[in-house]
Amino acid sequence: MVDWRSDSDDDDNFEWESDGDGEPSSTPALRNLDAAGPSTLVRQDSNGWGNGEAPPPSLIEGYVGMGFPEEMVVKAIKDIGHSDANALLELLLTYKTLGDDAAVGNCSTSGFIPQSTEEDDDDLDSEYWEGDDDADGREAGSDGSSDEGFLRELSEMDKKINALVDMGYPEDEANLAITRCGVDAPLYVLVDSVCASQAAGEYEVTGRCFDSFGGRKKARLMEDSKKKRKRYGGRSQGSRPPLDEESMPLPNPMVGFNLPGDMLRTVSRKLPRQAIGPPYFYFENVALAPRGSWDAFSRHLYDIVPEFLDSKYMCAAARKRGYIHNLPIETRVNLLPPAPKTIFEAFPHYKKWWPSWDNRKHLNCLQTCIASAKLTERIQRALASASNPPPPSVQKYVMKECRKWNLVWVGKNKVAALDPDEFEYLLGFPRDHTRGIGKTERYKSLGNSFQVDSVAWHLSVLKAMYPNGVNVLSLFTGIGGGEVALHRLGIHMHTVISVEIGEVNRRVLRGWWDQTQTGTLIEIADVQSLTNERVDSYVDRFGGFDLVIGGSPCNNLAGSNRHHRDGLDGEHSALFFHYVRILSAVKSAMRRM
DNA sequence: CCCACTCGGATGATGTTG
DNA sequence: CAACATCATCCGAGTGGG
């Protein structure tokens with residue numbers, strides 16, 4: 001039993017920096033890994049309150065109203081103060097997770113940490129948790145001298161290769177995965193990597209023979225792994241904490257667990273017992289979030305390994321996203337008709353003006369803003385005054401802008417940004433889905449939405465499981481990419497509870513719903529108002545939820561945003577933690593059913 | 001090291017509506 | 001003319017790959 005009332009510091013996951021000056025959202029949840037000195041840690045004053053200020057009673061009541069026990073709130077505020085609401089919320093959720101899991105560990109349904117309960121030591125779960133065992137072993141072992149570290153790495157590598165081979169993967173691929181992810185990557189990350197590489201190999205098999213692990217490449221692999229080792233050694237000598245090695249590696253190619261059309265391979269994964277649905281859940285975010293974000297997402301979602309998928313494998317535009325979900329992955333089916341996978345398949349009429357030196361086959365990520373008319377005019381002028389074909393310098397300039405702004409060729413020397421209609425088409429929405437709102441708002445909403453085919457690929461497994469339809473709790477719905485995906489899969493939605501702050505987005509969803517659906521849609525503007533009690537009552541009223549789906553507003557996470565880009569430390573984090581809170585509320589309400 | 005890529009925003013100018 | 005919507009321009013860093 002985890003005692004969250006304890007004042008001891010034994011949970012080293014949560015040492016918090018204090019900002020002290022009461023400025024909101026400046027207490028980093030993740031930056032603690034970057035070694036906050038003891039002087040920056042919260043010290044409690046004689047009253048026992050961190051930060052030297054007692055919280056207003058209304059504050060405590062507010063959190064109690066959200067469903068946290070009062071002592072828990074008091075303890076959390078004592079620990080980190082109440083100036084940073086987000087950090088406080090994260091801490092409360094962590095307490096609750098620990099507490100809940102410890103509580104339910106006694107009953108037969110689940111246990112958060114399998115090792116802690118006796119009968120969980122069967123081979124079912126140990127495979128999944130092996131990565132953690134290794135981590136323990138690493139801590140116990142010495143990492144002082146670099147020679148010792150090198151030896152440890154060698155044996156570690158053998159161990160992991162053996163484990164992967166035992167699981168049925170070819171030795172070469174195990175090797176490759178370790179090269180890619182590092183020796184210290186947990187086993188499940190390596191498995192993920194092997195799967196991804198196999199999927200990629202089969203995806204590209206059409207044009208090439210399958211001899212991709214031949215001798216020529218092996219030499220290069222050895223080089224790579226030497227380099228990696230050197231890098232690792234250099235770092236462990238203490239210039240920087242080895243954060244990179246610990247953090248979640250992005251698979252390359254970013255093909256997810258599997259792709260449509262590669263039916264030979266059966267992928268399987270083990271989920272922690274506690275994560276197994278129903279309810280099924282599906283959380284999405286940008287893949288290129290700041291360092292440590294995905295570790296944190298995963299940590300708060302049952303340590304499930306994210307599935308990273310670039311939608312350029314599903315349609316003609318790239319979109320690198322990560323998904324944490326507990327859906328089965330073996331019996332997926334692709335949406336029909338399949339989306340066009342290249343620019344020319346999607347827009348054959350652009351072929352006419354497409355110059356041979358523009359070799360793009362896919363568009364880049366569709367963003368919320370488009371190129372200005374001035375820019376395309378500059379390009380046109382540059383091309384008009386150049387030879388044909390233009391000199392390399394002009395080609396380079398034009399290509400750079402084309403990639404940056406996703407321009408397409410619509411006339412002689414003439415490039416243009418994509419229309420909102422084309423955004424809709426590429427993203428898998430029905431035509432005119434966002435028609436009727438402002439043009440810039442269409443771009444904004446579409447740029448922030450799901451790629452429907454990619455999401456539908458993942459959600460397709462629900463169709464056989466719920467032939468009569470589903471109840472959905474949809475957080476940060478946007479223009480309803482998840483709902484459109486379910487609809488296009490032919491999955492009936494009895495009820496959708498949708499939380500979306502944007503008024504125009506709600507209007508878009510409502511408009512689409514009323515035209516296409518017969519079920520009930522309940523729209524909620526403010527996630528704060530969806531309290532745990534309200535979740536409970538919805539669960540009672542609708543008999544539980546089959547799917548909790550949430551795309552995360554990316555404002556503070558996208559690479560292009562220089563304004564407070566703070567990982568899990570900004571307003572954004574509050575939204576993620578609302579996702580976690582609400583999912584947890586659904587789960588416990590459904591356990592009581 | 002260089003360079004590509006990224007679910008962006010604050011600002012002031014210009015255009016549109018009532 | 002005021003209020004509002006849209007546009008243009010500058011801005012800019014973190015991460016990862018070659």
Side-chain angles (χ1 to χ4, degrees), chain A residues 30-31 34 179-182 220 223-224 227-228 231 240 243-245 247-254 283-294 308-312 317-323 360 362-378 396-397 399-406 417-418 420 423-424 426-429 434 437-452 454-455 476-479 481-482 500-502 504-505 550-567 569-572 575-576:
Chain A
L30 294 167
R31 221 175 297 153
D34 287 339
T179 306
R180 242 193 324 255
C181 306
R220 218 195 61 204
E223 293 257 314
D224 282 356
K227 244 195 258 167
K228 199 146 215 167
R231 237 177 58 205
R240 265 179 66 89
L243 234 170
D244 308 21
E245 303 287 338
S247 95
M248 193 88 59
L250 291 179
N252 183 18
M254 198 179 280
F283 166 77
E284 179 257 16
N285 208 326
V286 292
L288 287 94
R291 249 182 240 294
S293 300
W294 277 104
F308 292 103
L309 172 62
D310 186 338
S311 68
K312 77 178 179 185
R319 207 169 191 74
K320 296 182 175 66
R321 294 292 179 273
Y323 307 88
R360 286 177 297 163
H362 292 97
L363 295 159
N364 273 336
C365 184
L366 305 183
Q367 310 241 54
T368 57
C369 300
I370 59 159
S372 65
K374 283 266 165 65
L375 176 73
T376 55
E377 199 195 328
R378 274 201 298 274
K396 198 178 162 195
Y397 159 70
M399 283 315 300
K400 189 181 160 178
E401 297 298 338
C402 284
R403 286 181 213 278
K404 183 171 174 185
W405 293 104
N406 264 332
L418 294 165
F423 269 45
E424 283 171 357
L426 289 167
L427 292 172
F429 286 93
T434 58
I437 63 177
K439 198 177 160 189
T440 47
E441 285 183 305
R442 291 181 76 183
Y443 282 122
K444 194 166 190 172
S445 294
L446 287 161
N448 282 322
S449 86
F450 287 161
Q451 205 285 321
V452 171
S454 306
V455 172
F476 320 121
T477 309
I479 53 175
E500 168 56 40
I501 192 150
V504 288
N505 286 347
S552 195
C554 62
N555 311 13
N556 297 331
L557 287 180
S560 55
N561 189 356
R562 76 201 139 90
H563 262 292
H564 25 349
R565 225 191 129 218
D566 40 17
D569 180 38
E571 290 160 41
H572 177 273
L575 299 183
F576 172 67

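Proteins come first, then strands; the chains are lettered A, B, ... in the order of their sequence lines, and each starts at number 1.
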Pairing residues for Ala287(A) by the side chain to side chain contact (heavy atoms under 4.5 Å, CB included) criterion, not counting sequence neighbours: Leu250(A), Met254(A), Phe308(A), Lys320(A)

Any pair counted as salt bridge (charged side-chain N to carboxylate O under 4.0 Å, His left out), so long as it reaches residues 365-378 of chain A, sequence neighbours left out: Glu377(A)-Arg381(A)

Under the side chain to side chain donor-acceptor pair (under 3.5 Å) test, residues paired with Ser445(A) that sit two or more places apart: Asn505(A)

Rounded to whole Å, please give me the gap between [atom1] in [X] and [atom2] in [N].
| X | N | atom1 | atom2 | value |
| --- | --- | --- | --- | --- |
| Lys404(A) | dT6(B) | NZ | P | 12 Å |
| Arg319(A) | dC5(B) | CZ | P | 16 Å |
| Met399(A) | dC5(B) | CE | P | 9 Å |
| Leu250(A) | dG17(C) | CG | C1' | 12 Å |
| Ile479(A) | dC7(B) | CD1 | C1' | 11 Å |
| Phe308(A) | dC7(B) | CZ | P | 13 Å |
| Phe576(A) | dC7(B) | CZ | P | 17 Å |
| Asn364(A) | dG17(C) | CG | C1' | 15 Å |

Exercise: identify the closest heavy-atom pair between Leu418(A) and Asn406(A): CG-O, 4.0 Å

Non-hydrogen atoms of Ala371(A) and Ala417(A) that approach each other most closely: N-CB, 4.3 Å

Contact under 4.0 Å: [X] side-chain N or O vs [N] OP1/OP2:
| X | N | value |
| --- | --- | --- |
| Asn448(A) | dG8(B) | yes |
| Asn285(A) | dC7(B) | no |
| Arg321(A) | dC7(B) | yes |
| Thr368(A) | dG8(B) | yes |
| Arg403(A) | dT6(B) | no |

Look for any protein N or O under 3.5 Å of an N or O in nucleotides 4-9 of chain C and output each such pair with its distance, or none.
residue : atom : partner   : partner atom : Å
dT9(C)  : OP1  : Lys374(A) : NZ           : 3.4

Side chain Glu284(A) and base dC7(B) donor-acceptor under 3.5 Å: yes

Pairwise P distance, dT6(B) and dC11(C) [rounded to whole Å]: 22 Å

Pairwise C1' distance, dC5(B) and dG12(C) [rounded to whole Å]: 13 Å

Cys365(A) side chain, from C-beta outward: closest of dC7(B), dT15(C), dG12(C): dC7(B)

Residue list, ring pair (Phe, Tyr, Trp, His ring centres under 6.0 Å) with Tyr323(A), at least two apart or on another chain: Tyr282(A), His458(A)

Residues in ring pair (Phe, Tyr, Trp, His ring centres under 6.0 Å) contact with Phe450(A), at least two apart in sequence or another chain: none

Partners meeting salt bridge (charged side-chain N to carboxylate O under 4.0 Å, His left out) with Arg360(A) (sequence neighbours left out): Asp358(A)

Counterpart residues, salt bridge (charged side-chain N to carboxylate O under 4.0 Å, His left out), relative to Arg321(A) (two or more places apart): Glu284(A)

Distance (rounded to the nearest 0.5 Å) between Thr434(A) OG1 and Phe429(A) CZ: 8.5 Å

Dot-bracket encoding of pairs in DNA chain C, which uses [ ] for pseudoknotted crossings and | for another strand, Watson-Crick or G-U under 3.5 angstrom: |||||||||||.||||||

